[in-house]
There are 2 protein chains.
Amino acid sequence: MNAMTLQVVSPVPTDIDIANSVEPLHISVIAKKLNLNPNNYDLYGKYKAKVLLPVIDELKGRKDGFYVVVGGITPTPLGEGKSTTTVGLCQALGAFLDKKVVTTLRQPSQGPTFGIKGGAAGGGYSQVIPMDEFNLHLTGDIHAITAANNLLAAAIDTRMFHESTQSDNALFNRLCAPNKQGNRRFNDVMYRRLKKLGITKLKPEDLTLEEVKRFARLDIDPETITWRRVMDVNDRFLRKITVGQGPDEKGMARETGFDISVASENGGFSPHYVSSRHEAPARQNGDRQRVLMKDAINPTLMQTLEGTPVFVHVGPFANIAHGSSSIVADKIALKLVGPGGFVVTEAGFGSDIGIEKFMNIKCRYSGLRPQCAIIVATIRALKMHGGGPPVTAGKPLDPVYVTENIALVEAGCANLARHIRSTKAYGVNVVVAVNQFSTDTGAEIAAVRSAALAAGAYDAIDLGNAVQKACESATGPFNFLYPLDASIEDKIEAIATSYGACGVEYSKQAEKQIKMYTQQGFSGLPICMAKTQYSFSDNPAAKGAPTGFVLPIRDVRASIGAGFIYPLVGTMSTMPGLPTRPCFYDIDLDTATWKVKGLS
Amino acid sequence: MNAMTLQVVSPVPTDIDIANSVEPLHISVIAKKLNLNPNNYDLYGKYKAKVLLPVIDELKGRKDGFYVVVGGITPTPLGEGKSTTTVGLCQALGAFLDKKVVTTLRQPSQGPTFGIKGGAAGGGYSQVIPMDEFNLHLTGDIHAITAANNLLAAAIDTRMFHESTQSDNALFNRLCAPNKQGNRRFNDVMYRRLKKLGITKLKPEDLTLEEVKRFARLDIDPETITWRRVMDVNDRFLRKITVGQGPDEKGMARETGFDISVASENGGFSPHYVSSRHEAPARQNGDRQRVLMKDAINPTLMQTLEGTPVFVHVGPFANIAHGSSSIVADKIALKLVGPGGFVVTEAGFGSDIGIEKFMNIKCRYSGLRPQCAIIVATIRALKMHGGGPPVTAGKPLDPVYVTENIALVEAGCANLARHIRSTKAYGVNVVVAVNQFSTDTGAEIAAVRSAALAAGAYDAIDLGNAVQKACESATGPFNFLYPLDASIEDKIEAIATSYGACGVEYSKQAEKQIKMYTQQGFSGLPICMAKTQYSFSDNPAAKGAPTGFVLPIRDVRASIGAGFIYPLVGTMSTMPGLPTRPCFYDIDLDTATWKVKGLS
């Protein structure tokens, strides 16, 4: 129970109006509920705190609570309310069933907040608050990732520039410049490089001319640079750019591009990868990035509208990365709620995307095992999968979506059923949640419930109690979709089969990359498919539960820092654009109250 | 007096080692010293707090303390220790003379911290701590400025793209899309645009085809876009780039570039300009930027090594902007110290740059008047101005700089004398501070002191007491260098004359721009010269007190949001680069203590 009294009003006000109508508890009150003492966290204003990593050692002896992951069916472009369901479930467990509960969410990217998508704090009476702080800046982690990523990018280009304009000796003399006393020395970074080059000398003056050359020149081939710059803005004009066109950088112009910050390899960092290992050319400077990310490693504590605790941490995109909150946040949360308590975490998009990566990448690295998975569905999305007309953001819904149509719902349940079966295969109990709208009818909901049970769901609809029972009755064992020691191709094929594909087709480029990564010894990494969220297949228009398609693999890349290989299925943009009418048209600051308005 | 005991050790350790050797006081202790109650600030960790703007209303009735500005002579590339002197003076006033004191500094740009310059928290036993938090991220204000700046940049390019690919009606239908109920409406932003276009209709469906076209098309001429993207990284390869080269943006490629974030017009915001007014094409979206900057308006409270309070706020560069901390920070600080107390603020580079802009731009907007100005000199820089060999970052100093040479010092005092006279002309008492090095001799210091007094300085050397007396004996009146209603040319010429120039030469481009801004009604703004900091003239090699030169004005631009016209004197880079051996080679995280090492 908590101190806040949430007044439910009809008709339901806008998200930001609901969020602003509640005075959040001071975050130290939320921390106290979790038995965190003030040394365990740093305040960031009144309503956010960063929980400090050493707490994990203090909690070592404690047992974990139940671990619940929330995924969804294949969504419409409007989203099916996975965050809303996640937050709502935690409010139900915490405020109504009086359980210890922590919600763990990834930090939303600011770019889409101002674009099409709007905020990601949940909705209606199930929100993380203050929702403007959740959606904008938070505690600066994504800004830190951006800064670290771009420092490395600048260092790579500038190093090539300096190497192109200076002699071996000039370069070396600058790299190992004498100090005020006129002495030169190698520093730690340099000793590491010398070691790598097999040079055992300890003093700069002892190097031969040949060794000076080898030490001073990285000789980076611009064609091999995969490290791109990032920005947390939907800026499609930065997808492909030419840099280095200034008169001083003459002859060094190079084609590259920006990704959105959460697509940065740095965005996928986990506690195992704090000292993120980077791709070869970046190695010499890479470690410096952690200086900029030292606070970003601490999860941010916030609260729901009902005053239950929420951890917000890291922000990888689900369609191109693993789309989950951090391992460290989940681990701390599981100790804090303890036995009988619940940690509910969200995995992005449908189970083919979010839950698959949650299980095979995140759980593999963390060693944690969920007892229960939730599949969120809406009547709207099920009707679309059943053959309803396209659902488009910014356009009014076709009447079929707001009037009872049981046949469409039942047909669409093929999509739900495949998500249930795929998820059950991991050895967890599956509960189906319908995020209900006022236009949904009892008969439509009943149709979903019976289809869900028929497909093997543990329960559906009455979420709070169903999740509790599903966790308590979990038996395991837990199964991964593929073993890590399978080949890259076998792993990709296992995932493709779970999508319903009858085969996989690799481009020449993909084959070349797989060969290269295998030779480099990276074939033991898990796979993170970069695929559209709008279909089980690569074709966003193929709704329901498509079969008989061949999954095309256009390219294969490695995110060594984050710890996975990511095949590109078709064309995936790593930098969204702004629509003709972006969300920011409606977002403004109320200068009287200093509150944000218009955010949804 | 304060609770910390600073142990002075010989030889003096590195800056970061000194900074890390002191356990800072919890920032709430510092806030309490200033009689701030917990409602007046938000904590950001244990050692930083944002002081909330409404405090200024609570303090309205109080009288101000003394206002002291710290400038310098024309610096060497090594810097002359202005921040160190500023911090040291405040430690002397606060901890030793037991005065109420607040230091106000601008936030350093993170870019140069990793480049050549290193940190900007002062040095030795005169530092702002924690110095890594001061230099990296702080409370995210520059990140907020970056995000807001780049959202606008993306909005401009994307709008041109959408206009080029859509018909008038398609554009209009997307801009005013029907809501779920099928109704369309204009929102606040749109009503503003309609008003500007002279269209008085209130409903989208009432617009004529011609009005739809006028409303929906901004018809931005890409040639007129002056808004550039920004990044807080020294990335020379972004100085000139081509954007929009992706296949989807075909035909829309455009040359542009990035500036360092602190060169953003947003970086110069002052309390008068929270709802920053922007250049014409940006107008429709510009106001949305303040949503991202709503917390950046609150100054950050930190502390010195002796536990005296420091406000850190906004980060404009001094050579291309005004280079001062914010007006709002100074105003709050002056009330908090009250009568008899001191607010010491730093102005960037030499008096020709920092103090000139402080007086004529910042004091003009704030209405505040300093009682005392400090000119910081070093024996090293004076010797350089007296004819010593060049001083270069990263190279050992010539022996002349570390052995007694009174003749060089005396010759170099011509530079000091001009800074003193220019500053005295504003009607303030000038105190000269010598930032002393162990190699300086008593006779050299004495030479500076007598030259300073001869040039009209109120006092020199014994800083704490001298500043106190200079403030108490201040009589005024305060004089600006130029009246605002003078023409742009007359204002530029007044400043040029104060530099020692015998005339001004305008390029065709500069003349064109002056004419345009005058026609647009902006000629009443103050002038912010973008000039090298290394000489009174436009030629960085002209040391001492050059005369008889003609100052070239290459271009003239307007920063309407920040509220000034800025002429470009010669070529000024708005994006620094990384050197061959950047500072970040030595910066790393100590993973045992989680402290930053190697920052200077």
Side-chain angles (χ1 to χ4, degrees), chain A residues 42-46 110 114 136-137 140 143-144 147 150-151 154-155 157-158 162 171 174-175 177-178 180 182 187 189 231-246 249 285 287-288 290-292 294 394 396-397 577-578 580-582 584-589 591 594 596, chain B residues 42-46 110 114 136-137 140 143-144 147 150-151 154-155 157-158 162 171 174-175 177-178 180 182 187 189 231-246 249 275 285 287-288 290-292 294 394 396-397 577-578 580-582 584-589 594 596:
Chain A
D42 277 342
L43 293 173
Y44 278 68
K46 296 173 180 66
Q110 219 164 251
F114 290 103
L136 307 175
H137 306 310
H143 294 320
N150 292 343
L151 176 60
D157 273 318
T158 312
H162 287 307
L171 263 180
R174 284 201 172 85
L175 289 170
K180 281 177 197 161
N187 74 356
V189 188
M231 190 187 274
D232 195 13
V233 176
N234 285 14
D235 192 346
R236 59 185 298 157
F237 276 72
L238 295 181
R239 284 174 190 163
K240 193 170 174 190
I241 66 173
T242 301
V243 298
Q245 297 183 310
E249 292 77 31
N285 310 316
D287 284 2
R288 271 56 202 159
R290 65 187 180 188
V291 170
L292 282 164
K294 84 181 175 75
L397 279 174
L578 289 170
T580 305
R581 188 193 199 288
F584 66 69
Y585 275 29
D586 298 308
I587 301 171
D588 201 359
L589 194 64
T591 46
W594 217 246
V596 175
Chain B
D42 277 344
L43 293 173
Y44 278 67
K46 296 173 181 65
Q110 220 164 252
F114 290 103
L136 307 175
H137 304 311
H143 295 320
N150 292 344
L151 176 59
D157 272 318
T158 311
H162 288 306
L171 263 180
R174 284 199 172 85
L175 289 169
K180 283 176 196 160
N187 74 357
V189 188
M231 190 187 274
D232 194 14
V233 176
N234 285 15
D235 192 346
R236 58 185 298 157
F237 276 71
L238 295 181
R239 284 175 190 162
K240 194 169 172 189
I241 66 173
T242 301
V243 298
Q245 296 183 311
E249 292 76 32
S275 57
N285 310 317
D287 284 0
R288 270 58 201 159
R290 64 186 181 189
V291 170
L292 283 164
K294 85 183 175 75
L397 278 176
L578 290 170
T580 304
R581 187 194 199 288
F584 65 70
Y585 274 30
D586 298 307
I587 301 172
D588 200 359
L589 194 64
W594 216 246
V596 175

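Below, chain A is the first sequence line, B the second, and so on; all start at residue 1. Values below: every heavy atom of this structure, side chains too, minus hydrogens, waters and symmetry copies.
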Among the options A:L238, A:T580, A:T158, A:V243, pick out the one with the most heavy-atom pairs lying under 4.5 Å from chain B. A:T580
Would you compute the distance between atom CD of B:E249 and atom NZ of A:K240 and round it to the nearest 0.5 angstrom? 10.5 Å
What part of B:L578 lies closer than 4.5 angstrom to a heavy atom of chain A: side chain, backbone, both or neither? both
Where on B:R174 is there a heavy atom nearer than 4.5 Å to chain A: the side chain, the backbone, both, or neither? both
Quick check for you: to the nearest 0.5 Å, what is the distance between B:F584 atom CZ and A:L151 atom CG? 5.0 Å
So what's closer than 4.5 Å to chain A heavy atoms on B:V233: side chain, backbone, both or neither? side chain
Enter the distance from B:L43:CG to A:L43:CG here, rounded to the nearest 0.5 Å. 5.5 Å
Quick one: what part of B:D157 sits under 4.5 Å from any heavy atom of chain A, side chain, backbone, both or neither? both
Any side-chain heavy atom of B:Q110 within less than 4.5 Å of one from A:L292? yes
Show your reasoning for whether side chain to side chain contact (heavy atoms under 4.5 Å, CB included) applies to A:H143 and B:H137. CA-CA 8 Å; A:H143 294 320; B:H137 304 311; 5.7 Å; no
Flag side-chain contact, heavy atom, 4.5 Å: B:V291 against A:L136: yes
Look up atom CG in A:N150 and atom CE in B:M231, then write down how far apart they are to the nearest 0.5 Å. 3.5 Å
Can you measure from CZ (A:R290) to CD1 (B:I587) and round to the nearest 0.5 angstrom? 13.0 Å
Chain B contacts, top residue of A:R239, A:H162, A:K46 (heavy-atom pairs, under 4.5 Å): A:H162
Sort out for me which of A:D42, A:L171, A:T242 touches chain B most, counting heavy-atom pairs under 4.5 Å. A:T242
Of A:D232, A:V596, A:I241, the largest count of non-hydrogen pairs under 4.5 angstrom with chain B goes to A:I241
